[in-house]
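Quick note on labels: first sequence line is chain A, next is B, and so on, each numbered from 1.
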Number of protein chains: 2
Amino acid sequence: MNVKAAFPSIPHQDGSTHAHTSSWVASTLRRQIAEGRLHPGAKLSEQALSEALGVSRNTLREGFTLLDSELIINRIPNRGVFVASPDAEDIKEIYAVRRTIEPAALAWGPNLDVPAMEQVIAEAFTALAAGDIQKMADANQNFHELVIASSGSELLQELMGRVLARMRLVFHAMSDAPDFHSHYVERNAALVRKLSDGQRFEAAEELRKYLDTAEIELLGHLATLDVR
Amino acid sequence: MNVKAAFPSIPHQDGSTHAHTSSWVASTLRRQIAEGRLHPGAKLSEQALSEALGVSRNTLREGFTLLDSELIINRIPNRGVFVASPDAEDIKEIYAVRRTIEPAALAWGPNLDVPAMEQVIAEAFTALAAGDIQKMADANQNFHELVIASSGSELLQELMGRVLARMRLVFHAMSDAPDFHSHYVERNAALVRKLSDGQRFEAAEELRKYLDTAEIELLGHLATLDVR
DNA sequence: AAAACACAGATTGTTCAACAATCTTGGTGA
DNA sequence: TCACCAAGATTGTTGAACAATCTGTGTTTT
């Protein structure tokens, strides 16, 4: 399967002054990967990509350097660049991060915004009732972003953005991703109720348990697939 | 002041094939900056540096891309690259991260190693008694690294490594860095005693208070300097 | 026929030279 | 003193080049 074929040639041409062409390259590829147009494990040939994007090989490589630092791609010396395909170990790492940061943000974050969380949970419920899985998953994602935002740290939000991008990669790698989010909506709601009552530590513990079960479930599903 | 002059020409020549020259460049510059040989605000000229390091401008730029993603340098389009010089806002950001992650690692981390912590604290005390400030500061640093390691997450250790590198940059920017660490040794000791008693949450709260006062003290000192 | 080998072609890692765009500098004139 | 301006330096990006390494395909060997 040719990557170039799957690539809608996005000429880097539209007058918009290149703040940094390499960062434009990186964000373009990041989007393609996030949207699943470039699936995990796919090889990114320098010649093909530089032509498709309309940039030089040198600039493309600079973009690669960025994506590599974000763990979105995997660079193997003299072999090439591949879209990252997280394995079980990576999933454990992702959850180790989440289990540290998210409960801490709930327990101690100075920017906790309970009303906003209630709002998002309500949206998740209506989306769930309407059967709109995508919208519900989005609401769920928004909820976790709100949790992180409680920490009041831009850096952590950035880190978690990268970690969650990695999570999406996991789901893209599983062609038959079942609906992992639906049955967590009620749990998130209970969590927010605790927050409304000012029980931040209890909410944090709840979130930790939530992440524990989510990790186990995800790893379990992955194990059934890894028999390939 | 010429940067090239301050730069001990480190030829990139010693046969040892570097997996990626750009990452060698990045780590070399990282070290130079960490050791204070390149002080905050210094401009890193592409021509001068590429000559001094014995690499092409292209490769140097790839290294810059890496350091930029680590916030160690500051890249201004068409202007050049400068060693980052964190300001008060950056310090607040650093402490927001620490105040989230470090207590969480203490409270919930699966890899908590109390004996190792006791060991490090003991070292800090003997160094302090011997008047060896450097050794004491190192022990203090080790202590915080142990705290992070409790989280069991490589990614967080990496993130904190970058954050602490930034902290060192703050100290390098203050030519007259007073001894900030000495009076925290006893506090850390009290903290570890709580851990020995199994009181992880109390230790976490203690650590948060510690970080609060450290931030205030650091910001206070910075304010007295910023009158320049 | 299966496994080891060999070699031509493709790909990556890095350098060099070039050029437009932008910034900096030092001098000029008001 | 200040605004202006041209010459020179620096950055951002490209394209071609080359050595080193990998890949694939066909051939030899067992």
Side-chain angles (χ1 to χ4, degrees), chain A residues 1-5 7 9-29 38 41-69 72-84, chain B residues 1-5 7 9-29 38 41-69 72-84:
Chain A
M1 176 183 314
N2 195 344
V3 165
K4 188 164 53 175
F7 224 95
S9 71
I10 301 175
H12 162 51
Q13 200 81 294
D14 50 47
S16 66
T17 42
H18 24 259
H20 265 307
T21 307
S22 59
S23 72
W24 173 81
V25 167
S27 66
T28 299
L29 288 177
L38 293 171
K43 172 159 189 181
L44 302 179
S45 145
E46 296 194 353
Q47 174 152 357
L49 257 190
S50 60
E51 277 175 24
L53 295 175
V55 301
S56 77
R57 253 183 79 218
N58 270 318
T59 302
L60 175 62
R61 291 182 116 262
E62 245 184 87
F64 279 164
T65 301
L66 254 175
L67 295 178
D68 191 31
S69 80
I72 287 176
I73 62 173
N74 197 358
R75 225 172 176 174
I76 305 177
N78 291 316
R79 292 290 202 83
V81 173
F82 304 84
V83 178
Chain B
M1 174 185 314
N2 196 344
V3 165
K4 187 162 54 174
F7 223 95
S9 70
I10 301 176
H12 160 52
Q13 203 78 295
D14 51 48
S16 67
T17 40
H18 303 293
H20 272 307
T21 308
S22 59
S23 72
W24 173 82
V25 167
S27 66
T28 298
L29 289 177
L38 292 171
K43 171 160 186 180
L44 303 180
S45 144
E46 296 194 352
Q47 174 152 356
L49 257 189
S50 61
E51 277 175 25
L53 295 175
V55 301
S56 76
R57 255 182 78 217
N58 270 317
T59 302
L60 175 63
R61 292 183 116 261
E62 248 184 83
F64 278 165
T65 301
L66 256 174
L67 296 178
D68 191 32
S69 80
I72 288 177
I73 63 174
N74 197 358
R75 225 173 177 174
I76 305 177
N78 292 317
R79 291 290 202 85
V81 173
F82 305 83
V83 178

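- You'll find the side chain of B/Glu51 stays beyond 4.5 Å of the side chain of B/Arg57, heavy atoms only.
- Distance from the side chain of B/Asn78 is smallest for D/dT11 among the nucleotides D/dT11, D/dT13, C/dT12.
- Contact annotation: the side chain of B/Phe64 approaches that of B/Leu44 to within less than 4.5 Å [non-hydrogen atoms, C-beta and beyond].
- Within the 4.5 Å cutoff, side-chain heavy atoms of B/Leu49 are placed close to those of B/Leu29.
- Listed here is the closest heavy atom pair of A/Ile73 and A/Val81: CD1-CG1, 3.4 Å.
- Distance CG (A/Leu49) to C1' (C/dA10): 16 Å, rounded to an integer number of Å.
- Taking atom CD of A/Gln47 as the reference point, atom P of C/dT14 lies 19 Å away to the nearest angstrom.
- A heavy-atom distance below 4.5 Å is found between the side chains of B/Leu53 and B/Thr28.
- We find that CD1 of B/Ile76 is positioned 17 Å from P of C/dT22, with the value rounded to whole Å.
- B/Phe82 is listed as a side-chain neighbour of B/Ile76, based on a closest heavy-atom distance under 4.5 Å.
- For A/Arg61 and C/dG13, the shortest distance from a side-chain N or O to OP1 or OP2 is below 4.0 Å.
- Candidate nucleotides D/dT10, D/dC22, C/dT15 were compared by shortest atom distance to the side chain of B/Thr59, and C/dT15 ranks first.
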Report all interatomic pairs (protein N or O, nucleotide N or O of nucleotides 5-8 of chain C) with separations under 3.5 Å.
none

Output one line per pair: protein atom, nucleotide atom from nucleotides 16-20 of chain C, and distance, for all N/O pairs under 3.5 Å.
{"from": "C/dC16", "atom 1": "N4", "to": "B/Asn58", "atom 2": "ND2", "distance (Å)": "2.6"}

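- Atom CZ of B/Arg79 and atom P of C/dC23 are 7 Å apart (whole Å).
- Taking CZ of A/Arg61 as the start and CG of A/Asp68 as the end, the distance is 11.0 Å to the nearest 0.5 Å.
- Shown here are the side chain to side chain contact (heavy atoms under 4.5 Å, CB included) partners of A/Ser22, two or more places apart in sequence or in another chain: A/His20, A/Thr59, A/Glu62.
- A straight line from CG of B/Leu60 to P of D/dT13 spans 15 Å, rounded to a whole angstrom.
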Does A/Arg75 form a side-chain contact (heavy atoms from CB on, under 4.5 Å) with A/Thr65? I'd like the steps, not just the answer. CA-CA 9 Å; A/Arg75 225 172 176 174; A/Thr65 301; 3.2 Å; yes

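- Put simply, CG on A/Leu44 is 14 Å from P on C/dT11, counting in whole angstrom units.
- The interatomic distance linking A/Glu51 (CD) with D/dT14 (C1') rounds to 14 Å, in whole Å.
- For the pair A/Leu66 CG and D/dG12 P, the computed distance is 14 Å after rounding to whole Å.
- Side-chain N/O atoms of B/His20 include one lying less than 4.0 angstrom from OP1 or OP2 on C/dT14.
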